[in-house]
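Since we're looking at a predicted model, the values are computed, not measured. Numbering of residues begins at 1 and proceeds along the displayed sequence. Only this structure's heavy atoms are used, side chains among them; waters, hydrogens and symmetry mates stay out.
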Amino acid sequence: MFFVTGRKVPGPVNEKRSIYQRFLGYELMDKKRTETALKAGEDRAILLGLSMVLCSIMMYFVLCITMVRSYTDSVWTEESICTILNSSLTMEINCSYSCGPDCWRSSKYPCLQVYVSINATGRVGLLSHNEETQDISSECFYVPKCQKDHVAVQAMMVNISEKLKAQQQVRCFYDPAEQQSSILLSRLYGTSAIFHSLFWPSCMLAGGSLIIFMVKLTQYLSILCEHISKMPKGLNSTC
């Protein structure tokens with residue numbers, strides 16, 4: 001008796017098993033790729049959120065040592081309406097301007113003195129443009145940039161004086177404790193300026209914190225769903 005040996009022809013069961021294993025391998029690879037991509041995306045999102053939080057903290061630090069500090073140190077806190085009593089050019093004040101590297105030349109600018117009366121208190125005082133002008137000169141309303149053309153500076157100061165006379169009444173700020181006798185036309189950093197300067201860092205801080213919170217919440221829900229899926233059937237729910 002002769003036995004014919006040859007290659008065994010795969011049956012339908014083996015073919016189904018090999019196809020299943022192939023698809024299972026593809027599914028595992030796709031799952032690993034998806035998990036890797038999700039983890040990389042989560043890391044980038046957390047890095048973005050931390051960067052936004054750190055940038056907002058740095059902006060808060062810079063603003064607090066500049067604008068907020070100047071705002072809190074200012075004594076001109078009360079706002080009122082001032083009536084302009086007199087506006088005139090008085091003495092000439094010497095100044096110096098740069099004409100090149102290590103080159104300085106002298107010039108002059110007229111001092112504009114503006115006397116006003118505070119309607120709320122009746123107190124009379126000299127009006128200054130802002131805190132910076134008050135620190136440079138307590139007698140002059142405005143200190144222009146020193147220029148070579150003295151005639152142009154003179155015309156500019158005359159124009160400012162005429163505009164103040166035409167207004168007659170202006171909004172002003174004064175010291176309620178009367179430690180400073182001068183009165184300001186405007187503040188360098190008022191309430192509106194402080195609000196707008198702190199608004200965008202606050203938005204950045206809130207956005208960065210929200211990004212970090214959402215990523216951590218997604219990770220927590222993913223871990224919770226995985227634990228629930230490993231529970232015995234009948235006790236878990238669909239995630």
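- Note on Leu126 and Ile81: separate hydrophobic clusters, where clusters join Ile, Leu, Val, Met, Phe, Trp and Tyr whose side-chain heavy atoms are under 4.5 Å apart, directly or indirectly.
- When every heavy atom of Pro176 is checked against every heavy atom of Val75, the shortest pair comes out as CD-O, 3.8 Å.
- Judged by distance alone, the side chain of Gln113 and the main-chain N or O of Leu89 form no donor-acceptor pair under 3.5 Å.
- One hydrophobic cluster holds both Ile57 and Leu63 under the rule that ILVMFWY side chains link at heavy-atom gaps under 4.5 Å.
- A donor atom on one side chain and an acceptor atom on the other are found under 3.5 Å apart for Thr83 and Asn119.
- Using a 4.5 Å cut-off between side-chain heavy atoms of Ile, Leu, Val, Met, Phe, Trp and Tyr, Phe195 falls into a hydrophobic cluster with Phe199, Trp200.
- If you take OG on Ser56 and CG on Leu198, they are separated by 11.5 Å, rounding to the nearest 0.5 Å.
- The two residues Ala45 and Ile211 make their nearest non-hydrogen contact at O-CG2, 3.3 Å.
- The CE atom of Met156 sits 10.5 Å away from the OH atom of Tyr109 when rounded to the nearest 0.5 Å.
- Listed here is the closest heavy atom pair of Cys82 and Val116: CB-CB, 4.0 Å.
- Residues Ile183 and Ile118 form a side-chain contact, since some pair of their non-hydrogen atoms from C-beta on lies under 4.5 Å apart.
- Dense packing is recorded around NZ of Lys165, with more than 12 heavy atoms of other residues, nucleotides or ligands lying under 6.0 Å away.
- At distances below 3.5 Å, at least one donor-acceptor pair connects side-chain atoms of Thr90 with backbone N or O atoms of Cys111.
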message = His129 vs Phe141, test: side chain to side chain contact (heavy atoms under 4.5 Å, CB included). Steps then yes/no.
response = CA-CA 6 Å; His129 184 250; Phe141 168 75; 4.2 Å; yes

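- There is a side-chain donor-acceptor pair under 3.5 Å between Ser202 and Tyr60.
- A distance of 4.0 Å separates OG1 in Thr133 from CG in Asn130, rounded to the nearest 0.5 Å.
- Placement of Val124 and Val114 in two distinct hydrophobic clusters is found when ILVMFWY residues are connected by side-chain heavy-atom separations under 4.5 Å, directly or transitively.
- When side chains are defined from C-beta on, Leu184 does not count as touching Tyr174, because their heavy atoms never get closer than 4.5 Å.
- Listed by first and then second residue, the side-chain hydrogen bond (donor to acceptor under 3.5 Å, both in side chains) pairs that reach into residues 135-157 come to none, sequence neighbours excluded.
- Cluster annotation: Val215 is not connected to Leu54 through the hydrophobic network of ILVMFWY side chains, with a link wherever side-chain heavy atoms come within less than 4.5 Å.
- Across Gly49 and Ile212, no two heavy atoms sit closer than the pair C-CD1, 3.8 Å.
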key: Glu78/Asp175 under side chain to side chain contact (heavy atoms under 4.5 Å, CB included): CA gap, chis, key distance, verdict   = CA-CA 6 Å; Glu78 291 293 329; Asp175 179 15; over 6 Å; no

Side chain to side chain contact (heavy atoms under 4.5 Å, CB included) evaluation trace for Leu112 with Ile160 = CA-CA 9 Å; Leu112 174 62; Ile160 294 175; 3.8 Å; yes

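- Without hydrogens or angle criteria, Ser161 side chain to Met157 main chain gives no donor-acceptor distance under 3.5 Å.
- In this structure, Val68 is a member of the same hydrophobic cluster as Tyr189, with clusters built from ILVMFWY side-chain heavy atoms closer than 4.5 Å.
- Looking at Ser209 and Val53, their side chains come closer than 4.5 Å, going by heavy atoms from C-beta outward.
- Contact annotation: the side chain of Met214 approaches that of Leu210 to within less than 4.5 Å [non-hydrogen atoms, C-beta and beyond].
- The distance from the CD1 atom of Ile93 to the SG atom of Cys140 is 3.5 Å, given to the nearest 0.5 Å.
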Audit row: Ile84, Gln169, side chain to side chain contact (heavy atoms under 4.5 Å, CB included) steps and yes/no = CA-CA 6 Å; Ile84 297 176; Gln169 288 188 343; over 6 Å; no

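- Across all their heavy atoms, Phe173 and Trp76 have their closest contact at O-CD1, 3.6 Å.
- Remark: Leu164 CG to Ser88 OG distance equals 11.5 Å, nearest 0.5 Å.
- When side chains are defined from C-beta on, Arg171 does not count as touching Leu185, because their heavy atoms never get closer than 4.5 Å.
- No side-chain heavy atom of Leu47 sits under 4.5 Å from any side-chain heavy atom of Asp43.
- Rounding to the nearest 0.5 angstrom, the gap separating the CZ atom in Arg44 from the OG atom in Ser51 is 13.5 Å.
- Listed here is the closest heavy atom pair of Arg187 and Thr77: NH1-CA, 4.1 Å.
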